[in-house]
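To keep things clear, I will list the structure first and then write my remarks on it.
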There are 2 protein chains.
Amino acid sequence: MITKIPLQLLECAPAPGNEPLARTSAQSIAELLKAVADPTRLQLLAMIAKADQQEACVCNLTEPLGLSQPTISHHLKKLAEVGLISRERRGTWIWYSLNKERWKQIANLFE
Amino acid sequence: MITKIPLQLLECAPAPGNEPLARTSAQSIAELLKAVADPTRLQLLAMIAKADQQEACVCNLTEPLGLSQPTISHHLKKLAEVGLISRERRGTWIWYSLNKERWKQIANLFE
DNA sequence: CTAATACATAGATACTTATCTATGTGTAAC
DNA sequence: GTTACACATAGATAAGTATCTATGTATTAG
């Protein structure tokens with residue numbers, strides 16, 4: 001590439017339309033994505049999605065992953081905090097179900 | 001809710017179709033999602049996407065975010081490692097551009 | 001060649017987080 | 001009431017990471 005003009009001044013001026021995505025928006029989106037950016041939580045979501053009625057109790061989720069029950073509870077809490085799953089008590093058990101609308105919102109971010 | 005039968009034994013058996021998503025698959029997906037689950041990297045991606053030709057050099061990305069140049073380089077490297085952006089040298093500058101196919105793969109994960 | 005510029009890399013630090021064990025809470029069975 | 005069970009919470013620890021400063025590398029200008 002041959003040029004006589006200093007490239008620095010010609011081409012490296014800030015382009016229009018480069019205002020960054022608002023930090024607060026970026027942070028809330030990142031919070032949602034952090035929830036799914038974990039292998040264990042992805043496995044949990046997949047298990048819930050494949051389960052009957054797309055819901056599962058903790059007892060069904062703990063053993064297949066080989067992690068302790070508190071660890072599973074921790075991950076389910078993270079997913080619930082960002083609205084990806086919902087809690088419902090039935091007797092002794094807590095059933096977690098997918099929140100499909102929230103799920104779809106992630107897809108929309110990348111379309 | 002009234003029942004005479006111990007609920008534990010009736011309802012808490014592992015359901016079919018509950019085999020977890022393979023750990024290796026979950027890990028590779030998580031690796032991709034971790035790359036976008038950061039507010040600064042989301043801002044970088046948004047800036048590149050909005051820029052002319054959907055590409056930008058580091059000099060255009062550093063100042064608007066108020067972070068040091070090595071920090072921006074660090075984030076761009078993370079994004080490049082998972083294939084979301086590509087590097088191309090032009091003279092002194094490195095231009096980063098979006099990899100739309102990779103971007104779309106994320107959307108497909110949540111559809 | 002030397003100097004300047006654009007970006008990457010190395011190393012240090014502070015913050016976050018995934019996991020565990022131990023314990024608490026709430027519901028059901030008796 | 002007591003006991004058992006399902007799950008949550010608390011606290012500790014180890015691993016990961018976002019950021020900085022300092023330095024290295026590569027290209028261009030002169």
Side-chain angles (χ1 to χ4, degrees), chain A residues 1-14 23 26-27 30-31 33-44 55-63 65-82 85-96, chain B residues 1-14 23 26-27 30-31 33-44 55-63 65-82 85-96:
Chain A
M1 181 180 180
I2 302 175
T3 175
K4 299 284 186 186
I5 309 171
L7 292 171
Q8 292 89 333
L9 301 177
L10 271 189
E11 297 182 8
C12 207
R23 185 70 182 181
Q27 283 170 335
E31 191 180 7
L33 293 176
K34 274 180 198 294
V36 292
D38 178 89
T40 298
R41 289 195 285 271
L42 286 170
Q43 289 181 296
L44 287 171
E55 60 181 10
C57 64
V58 181
C59 56
N60 280 338
L61 299 171
T62 301
E63 185 256 349
L65 295 184
L67 294 172
S68 71
Q69 172 265 316
T71 297
I72 300 300
S73 277
H74 161 76
H75 287 302
L76 291 170
K77 185 178 183 179
K78 290 258 184 184
L79 291 171
E81 280 173 351
V82 297
I85 57 177
S86 303
R87 280 176 48 116
E88 181 192 349
R89 177 177 281 277
R90 294 184 200 161
T92 309
W93 300 276
I94 309 285
W95 288 80
Y96 284 94
Chain B
M1 181 179 181
I2 301 176
T3 176
K4 298 284 187 186
I5 307 170
L7 292 171
Q8 291 90 332
L9 300 176
L10 270 189
E11 298 183 7
C12 208
R23 186 68 183 181
Q27 283 171 335
E31 192 180 7
L33 294 176
K34 275 180 198 292
V36 292
D38 177 89
T40 298
R41 289 196 285 270
L42 286 171
Q43 289 182 297
L44 287 172
E55 60 181 11
C57 64
V58 181
C59 56
N60 280 338
L61 299 171
T62 300
E63 185 255 349
L65 295 183
L67 293 172
S68 72
Q69 173 264 315
T71 297
I72 300 300
S73 278
H74 161 75
H75 286 302
L76 291 170
K77 185 178 184 180
K78 290 260 184 182
L79 290 171
E81 280 173 351
V82 298
I85 58 176
S86 303
R87 280 175 49 116
E88 181 192 349
R89 176 178 283 276
R90 294 185 200 160
T92 310
W93 300 276
I94 309 285
W95 288 80
Y96 284 94

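Throughout, protein chains are lettered first and strands after them, A, B, ... in sequence-line order, and every chain is numbered starting at 1. Heavy atoms only: backbone and side chains are in, while hydrogens, waters and symmetry mates are out.
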Test side chain to side chain contact (heavy atoms under 4.5 Å, CB included) on B:Leu33 and A:Leu42; report intermediate values, then the result.
CA-CA 10 Å; B:Leu33 294 176; A:Leu42 286 170; 4.1 Å; yes
Given side chain to side chain contact (heavy atoms under 4.5 Å, CB included), test B:Glu55 with B:Tyr96 step by step and report yes or no.
CA-CA 5 Å; B:Glu55 60 181 11; B:Tyr96 284 94; over 6 Å; no
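Rounded to whole Å, the distance from NE2 on B:His74 to P on D:dG24 is 22 Å. Atom P of nucleotide D:dT9 and atom CG of A:Leu76 are separated by 11 Å, given to the nearest angstrom. Between the P atom of C:dT27 and the CH2 atom of A:Trp95 lies a distance of 17 Å, rounded to the nearest Å. If you measure from atom CD of A:Glu88 to atom P of D:dA8, you get 14 Å, rounded to the nearest angstrom. Atom NZ in B:Lys77 sits about 10 Å away from atom C1' in C:dA10, given to the nearest Å. Between the CD1 atom of B:Ile94 and the C1' atom of D:dA26 there is a distance of 9 Å, rounded to whole Å. Atom CZ of A:Arg90 is separated from atom C1' of D:dA6 by 15 Å (rounded to the nearest Å). A:Arg89 places its CZ atom 8 Å from the P atom of C:dG26, with the value rounded to the nearest Å.
Residues passing the salt bridge (Lys or Arg N to Asp or Glu O under 4.0 Å) test with A:Glu31, sequence neighbours excluded: none. With sequence neighbours excluded, the residues forming a side chain to side chain contact (heavy atoms under 4.5 Å, CB included) with B:Leu67 are B:Thr40, B:Thr71, B:Ile72, listed by chain and number.
Evaluation of atom-type donor-acceptor distances gives no pair under 3.5 Å for the side chain of A:Gln69 against the base of D:dA6.
Side-chain contact between A:Trp93 and A:Cys59 is present, with heavy atoms from C-beta onward closer than 4.5 Å. In this structure the side chain of B:Gln27 never reaches within 4.5 angstrom of the side chain of A:Gln43, judged on heavy atoms.
In this structure, A:Arg87 does not reach the D:dC7 phosphate: none of its side-chain N or O atoms is under 4.0 Å from OP1 or OP2. OP1 or OP2 of D:dC20 has at least one side-chain nitrogen or oxygen of B:Ser68 nearer than 4.0 Å. A:Tyr96 has a side-chain polar atom (N or O) that falls below the 4.0 Å cut-off from OP1 or OP2 of D:dA8.
Distance from the side chain of B:Lys78 is smallest to D:dT17 among D:dC7, D:dT17, C:dC7. Side-chain proximity of B:Trp93 to C:dC7, D:dT19, C:dA8: nearest is C:dC7. Picking from C:dA8, D:dA8, C:dG26 the nucleotide with the shortest atom distance to the side chain of A:Thr92 gives C:dG26. For B:Leu67, the listed nucleotide lying nearest its side chain is D:dC20; candidates were D:dC7, C:dT17, D:dC20. Counting only heavy atoms from C-beta on, B:Pro70 has its side chain closest to D:dA22 among D:dA22, D:dT19, C:dA18.
Nucleotides of DNA chain C nearest to A:Asp38 and B:Thr71 differ in position, and the one nearer the 5' end is that of B:Thr71.
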Dump every N/O contact between nucleotides 12-14 of chain D and the protein below 3.5 Å, one line per pair.
none

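Closest non-hydrogen pair, A:Ala37 versus B:Ala30, comes out as C-CB, 4.0 Å.
No side-chain donor-acceptor contact under 3.5 Å links B:Arg41 to the backbone of B:His75.
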